[in-house]
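None of these values were measured; they are calculated from a predicted model. Hydrogens, waters and symmetry mates play no part in the numbers below; they use all other heavy atoms, side chains included. Positions are given from 1 along the sequence. Whatever order the structure lists them in is the order used to number ligands and atoms, beginning at 1.
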Amino acid sequence: MSLLEVKGVKRSYGNLQVLRGIDMVIRRGEVVAIVGASGAGKSTLLHVMGTLDKPDSGTVSFDNKNLFRLSETELAEFRNRHIGFVFQFHNLLAEFTALENVCMPAYIGKWGTEKEIREKGKALLGVLGLSDRGEHLPSQLSGGEQQRVAVARALINSPDIVFADEPSGNLDSHNAEELHRLFFELRKEMGCTFVIVTHNEQLAEMADRRLMMKDGLLVDS
Ligand code: ADP
Ligand code: ADP
């Protein structure tokens, strides 16, 4: 049942202790919201959970396997195969089409032929309401559309878990609502697991669990 387990995680930047002992368990199929004031350590926690950043102490385990025992190469492969990321600023590659952006992690992961990958990319764009946008460049898409392309890109390798850092932080309320609705639809349709850092109260309310971070610790909310 438990997909990802965080135990005793601490992380400092110089003298600043940003994570002061984090314990948490993420179960498959959950949508978990992490809320808290700016500077509380939410992004740092998300980066450590997503293995983009190493803790000073403590462990992050996936299927009971301690991820930080893996080599850098193994970790990169693990991330490509099992983890999806969505950031506040979508980071789409400007010179590639929406479909190419979506397929990029799969071309790196090489789990299928180019045709198979493109088919899956197109199907995902369809799920996200972007069937007619595949050949557009990011600059030709609205902010909401760009962010949905970023979500499709996060899902192309069928990850076990998706980490989203303020995914709607740059969207107007209509597009934000649309994006939040999609997360729950994707969970329902595809069984996706989401851990989402957000300032959006509505999203936090909708989540299965709402975790509050305060000064580097998880506190009751
Ligand atoms: P949140 O996401 O809750 O706003 P962050 O995890 O981004 O919090 O940051 C927590 C604290 O750590 C902040 O004081 C921030 O300035 C500091 N911090 C984050 N990343 C770095 C870094 N790479 N180097 C130094 N300090 C950092
Ligand atoms: P295993 O279950 O042996 O670890 P995988 O889960 O990697 O193997 O792959 C199982 C099947 O899923 C294979 O047929 C493979 O082509 C397909 N597959 C592997 N990786 C991906 C991926 N990232 N996205 C979609 N399909 C994939």
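Around atom 5 (P) of ligand 1, the closest heavy atom drawn from V18, T44, V197 belongs to T44. When G216, S43, G39 are ranked by how near their heavy atoms come to atom 2 (O) of ligand 1, first place goes to S43.
Taking CZ of F184 as the reference point, atom CE of M206 lies at 4.5 Å (rounded to 0.5 Å).
Residue contacts with ligand 1 include A37, since one of its heavy atoms falls under 4.0 Å from the ligand. Residue contact annotation: G36 has no non-hydrogen atom under 4.0 Å from ligand 1.
Applying the 4.0 Å criterion to heavy atoms of L16 picks out, from ligand 1, the atoms 12 (O), 14 (O), 17 (C).
Within the 4.5 Å cutoff, side-chain heavy atoms of P105 are placed close to those of N80. Contact annotation: the side chain of L52 approaches that of R79 to within less than 4.5 Å [non-hydrogen atoms, C-beta and beyond].
R11 and D56 are joined by a salt bridge, as a carboxylate oxygen and a charged side-chain nitrogen come within less than 4.0 angstrom of each other. Between K188 and E185, none of the side-chain N atoms (NZ, or NE/NH1/NH2) sits under 4.0 Å from a carboxylate O, so this pair counts as no salt bridge.
Polar contact check, G41 against ligand 1: a nitrogen or oxygen pair lies under 3.5 Å apart. Considering backbone and side-chain N/O of A40, one or more are found under 3.5 Å from N/O of ligand 1.
For atom 16 (O) of ligand 1, no protein heavy-atom neighbour is found at a distance under 4.0 Å. Closer than 4.0 Å to atom 10 (C) of ligand 1 lies at least one heavy atom of the protein.
In this structure, atom 20 (N) of ligand 1 lies nearest to the protein heavy atom Y13 CE1, 3.2 Å.
More than 12 heavy atoms of other residues, nucleotides or ligands shown are found within 6.0 angstrom of CG on D132.
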**OP:** Dump the intermediate steps for side chain to side chain donor-acceptor pair (under 3.5 Å) on N66 and T59, then the final yes or no.
**Re:** CA-CA 6 Å; N66 182 352; T59 58; 5.3 Å; no

